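Predicted model only: the values in this text are computed from it and were never measured.
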Amino acid sequence: MNTPVTHYDLLIQGGTVIDGTKAPRFNADVGIVNGRIVAIGQLAGHTADNTLDATGRIVAPGFIDSHTHDDQAVLSQAQMPFKVSQGVTTVVAGNCGISAAPLRVDMDLPMPLSLLETPAEGRFTTFAAYLDALRATPSSVNVAAMVGHSTLRAVVMSDLDRPATDAEISAMQALVEEAMQAGAIGLSTGTFYPPAVKATTEEIIEVGRPLTSRKALYVTHMRDESDRVMESLEETFQIGRALDIPVVVSHHKVQNTRNFGKTKVTLPFIKEAMQHQCIGLDCYPYTAGSTMIRTDRGMMEGRVLIASSVPHPECAGRDLKDIAAEWGVSGEEAAQRLQPGSAIYFMMDEDDVQRILAFDDTMIGSDGIPVGEKPHPRLWGTFPRVLGHYSRDVGLFPLETAVWKMTGLTARNFGLHERGALKPGYHADVVIFNAATVRDTANYETPTQPAEGIDAVIVNGAVTWQNGVHSGVQNGQVILRKDAAATV
Ligand code: ZN
Ligand code: CU
C-alpha cells in the first residue's frame, strides 16, 4: 500500500480474506493492477474496470498443486479445467522422476514415462525448449517444473535394469545442469518405478550435483512406501544432506494393511529430521493411490480399479477382480494383459491419511494423472475435498490451515517467489469460494466432475473461471527458480 492507487483493473469487494499465511481471516477488499495485488483493505469509493462481489465468500491465494503430472497437459489441455475448477492457479510439474524434457526424438518411452502423452508439438530435446514452448503458448495456470531422473536415465542409458556407469552419470549430470540453467526448480526421482529401481543412492547424489550451488530441490517418490518406508525416508534425507539441499517427500503414505498405523512412526521421524535439514512433504486426501498397472502382489492386496488400458480401453472404470473373473484368469494375468495402462489401488488406511494431512508441514498435492476418462478423482477433487470434507466436515484443521497447506507453505517450500499469499506486490493469483458449500463431487464412479462452491479463479490478474465456466483466458506464467529468473 505504498503507492496510493485508487483505480484498479480488478477490484474484489466485500469478501473475507484468508491470506495464505495461516493468519486469522479478516474482512477486506482486494485491488489488482497489471497482474499484481496492489491494495488490501477497505477500498470503498475506489474505482475499477472490473468488480467482483465477494460478499459472504472467502478470498484466498490461488491454490498451488505441489504434486502434478501436468507436464504435457499444460500444452495439450492448456485450459486445464480439472485444475482451474478447483481454484488451482499454479502447478508443480515433473514429479516422480518423470518430466516432459529432455527427451530424444528417436527413443521409446518405457512405462511410466509413456503415461505422459507426447504433445502435438513433438518432443523437447532440451529443458529450455520445453519452457520456451510453455511461454509461447501459455496455459491457464502457472507452471514450475522439475527435471525427472527416470527421464534422464531413459535418455542416456541403453539398459535401465542396472546402476548407471560413470559416463552415464556424467551425461545425466550435464542434462541436469542444462535444466538448472533453463530455470528448473529441482530434480525428482521415482525409484519405486522400473526405470529407476536399479539406481543407487550414490547415482542419485552424483546426478544431482548441479543442484547444490542453486539450493534447488530434491523431490522423490520414494523407493518403498510399504514395509521399507523408514529406510526410504532415511535414504531421501541422506541425499538431501549429501547435496546440502531441501528435499520433498512426495505423496507421503504407508501402504498395505500390515503397515497401517505406521504414520505414528514416520511422522515423528520426519519431524525429528526437520530439526537438522530442510524437509517438506505432500499428500493427497484419499485412501486409494493411482499409478501404472502393476503385477506385484503387494499392489494387488486391496481393491484395484482400472483407470486406463491401452490394449483394453473398454476396461476403464472396472474392477480388476471382475475383469479377471470374466476372462477366467488370475489377477496377475489380467493385469499383465491390461498393460500398459493405469489403475487405482485401495491400499491406505483412513487414519494414516488424516494423520498425514493434519501434520503441520504437509502440503496438499493432487498427484492427478490427466489421462483418460476414468482417472483417480484426485485429479478434479483434491483441493475442494480438503477444504470441504476434511477441514469443514471432519474438522481436521481450521480453514486458515487448509489454505496455508495449499498456498503459503507450498510457495515457501518450492521457492515460488511472490506467490502463495495475498499481499501487496504479490502476483494476483486469487480464488473466491464459499466456505459453507465448497466440496468435491468427483468420485471413483464419476471422476471428472468440477467442484462445487468455487466462485471465481483469477490467474495473474485475469478472471479465468467464474460460476462454473472457464473464461478461455490462458494467462499462466512459467515460474523459474528464483536465482535463474534473474539471469534467463
Ligand atoms: Zn509418485
Ligand atoms: Cu506422482
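One N or O on the side chain of Ser188 and one on the backbone of Gly97 form a donor-acceptor pair closer than 3.5 Å. Under a 3.5 Å cut-off, the side chain of Arg153 and the backbone N or O of Pro195 do form a donor-acceptor pair. Judged by distance alone, the side chain of Asp367 and the main-chain N or O of His67 form no donor-acceptor pair under 3.5 Å. The main-chain N or O of Asn460 is found under 3.5 Å from a side-chain atom of Asp429 such that the two form a donor-acceptor pair. In this structure, Asp19 contributes its side chain and Thr21 its backbone to a donor-acceptor pair below 3.5 Å. With hydrogens and angles disregarded, a donor-acceptor distance shorter than 3.5 Å links the side chain of Asp65 to the backbone of Ser366. Glu178 places a side-chain N or O within 3.5 Å of a backbone atom of Phe127 that can act as its donor or acceptor partner. With Arg36 contributing its side chain and Ile32 its backbone, the two residues share no donor-acceptor pair below 3.5 Å. A donor-acceptor pair under 3.5 Å is absent between the side-chain atoms of Thr401 and the main chain of Phe397, judged by distance alone. In terms of modelled atom types and a separation under 3.5 Å, the side chain of Thr151 and the main chain of Ser99 share a donor-acceptor contact.
No side-chain donor from either of Ser140 and Thr464 sits under 3.5 Å from a side-chain acceptor of the other. Side chains of Gln86 and Arg385: a donor-acceptor N/O pair is absent below 3.5 angstrom, by distance only. For the residue pair Asn95 / His69, no side-chain donor-acceptor distance below 3.5 Å is found, with atom types taken as modelled. With hydrogens and angles left out, the side-chain atoms of Arg355 and Thr263 include a donor and acceptor closer than 3.5 Å. Side chains of Asn259 and Arg228: a donor-acceptor N/O pair is absent below 3.5 angstrom, by distance only. At a cut-off of 3.5 Å, with distance as the only test, no side-chain donor of Thr382 or Tyr286 sits close to an acceptor on the other residue. Between the side chains of Asp227 and Asn256, no donor-acceptor pair of N or O atoms lies under 3.5 Å. Looking at Glu203 and His149, their side chains do bring a donor and an acceptor atom within 3.5 Å of each other. Side chains of Gln173 and Arg209: a donor-acceptor N/O pair is absent below 3.5 angstrom, by distance only.
Both the sub-6.0 Å distance and the 45° axial angle are satisfied by Arg294 relative to the ring of Phe192. Relative to the ring axis of Phe346, Arg303 places its NZ or CZ within 45° and under 6.0 Å from the centre.
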Go through it in stages, so that I can follow the logic: the residues are Tyr193 and Thr291, the test is side chain to side chain donor-acceptor pair (under 3.5 Å), and I'd like the CA-CA distance, side-chain angles, deciding distance and then a yes or no.
CA-CA 10 Å; Tyr193 291 108; Thr291 187; 2.7 Å; yes

Do Arg378 and Asp440 pass the salt bridge (Lys or Arg N to Asp or Glu O under 4.0 Å) test, and can you show the C-alpha distance, the side-chain angles, and the key distance before you say yes or no?
CA-CA 9 Å; Arg378 65 194 183 186; Asp440 56 310; over 6 Å; no

Is there a side chain to side chain donor-acceptor pair (under 3.5 Å) between Ser139 and Gln474? Walk through the geometry before answering.
CA-CA 5 Å; Ser139 83; Gln474 294 176 207; over 6 Å; no

Quick one: do Phe359 and His252 satisfy ring-ring contact (aromatic ring centres under 6.0 Å, His included)? Show the steps, please.
CA-CA 11 Å; Phe359 183 67; His252 183 43; 8.4 Å; no

Please walk me through it: do Thr220 and Thr236 pass side chain to side chain donor-acceptor pair (under 3.5 Å)?
CA-CA 7 Å; Thr220 181; Thr236 302; 4.8 Å; no

May I have the step-by-step check of salt bridge (Lys or Arg N to Asp or Glu O under 4.0 Å) for Glu332 and Arg297, ending in yes or no?
CA-CA 8 Å; Glu332 283 92 338; Arg297 284 191 167 273; 3.4 Å; yes

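At least one side-chain heavy atom of Leu267 sits less than 4.5 Å from a side-chain heavy atom of Leu281. In this structure, the side chains of Thr89 and His427 stay at 4.5 Å or more apart for every pair of heavy atoms. At a threshold of 4.5 Å between non-hydrogen side-chain atoms, the residues Arg419 and Gln477 count as touching. When side chains are defined from C-beta on, Val219 does not count as touching Val247, because their heavy atoms never get closer than 4.5 Å. With a 4.5 Å cut-off on side-chain heavy atoms, Ile454 and Val457 count as touching. Looking at Val478 and Tyr130, their side chains never come closer than 4.5 Å, going by heavy atoms from C-beta outward. At a threshold of 4.5 Å between non-hydrogen side-chain atoms, the residues Leu187 and Leu217 do not count as touching.
Atom CG of Asp159 is surrounded by more than 12 heavy atoms from other residues, nucleotides or ligands within 6.0 Å. A 6.0 Å sphere centred on CG of Asn34 holds no more than 12 heavy atoms belonging to other residues, nucleotides or ligands.
In terms of heavy-atom proximity, Ser290 sits nearest to Tyr284 at N-OH, 4.3 Å. Scanning all heavy atoms of the two residues, the minimum distance from Gly365 to Ser66 falls at CA-OG, 3.3 Å. Across all their heavy atoms, Ala144 and Leu416 have their closest contact at CB-CD2, 3.8 Å. The two atoms that bring Val431 and Pro61 nearest to each other are CG1-O, 3.4 Å, heavy atoms only. In terms of heavy atoms, Glu234 sits closest to Phe269 at OE1-CZ, 3.6 Å. Nearest approach of Pro340 to Met111, heavy atoms of both residues: CB-CG, 3.8 Å.
A salt bridge links Lys83 and Asp70; the closest N-O separation between the charged side-chain nitrogens and carboxylate oxygens is under 4.0 Å. A salt bridge does not link Glu418 to Lys423: none of the charged side-chain nitrogens sits closer than 4.0 Å to a carboxylate oxygen. Between Glu400 and Lys405 there is no salt bridge, since no side-chain nitrogen of the basic residue lies less than 4.0 Å from a carboxylate oxygen of the acidic one. A salt bridge links Glu301 with Arg258: the distance from a Lys NZ or Arg NE/NH1/NH2 to an Asp or Glu carboxylate oxygen falls below 4.0 Å. Using a cutoff of 4.0 Å between basic side-chain nitrogens and carboxylate oxygens, Lys264 and Asp352 are not scored as salt-bridged.
With rounding to the nearest 0.5 angstrom, the CD atom of Gln72 is 11.5 Å from the CG atom of Leu115. Annotation: the span from Ile64 atom CD1 to Asp282 atom CG amounts to 12.5 Å, rounded to 0.5 Å. A distance of 13.5 Å separates NE2 of His251 from OG1 of Thr362, quoted to the nearest 0.5 Å. Residue Leu480 holds its CG atom at 13.0 Å from CD of Gln181, rounded to the nearest 0.5 Å. Atom-to-atom distance recorded for Ser170:OG and Leu175:CG is 11.0 Å, nearest 0.5 angstrom. Summarising the geometry, atom CD1 belonging to Ile369 is positioned 8.0 Å from atom CD1 belonging to Ile98; distances are rounded to the nearest 0.5 Å.
For His376 and Tyr444, the ring centers are positioned less than 6.0 Å apart. Between Phe433 and Phe383, the distance separating the two ring centers is not shorter than 6.0 angstrom.
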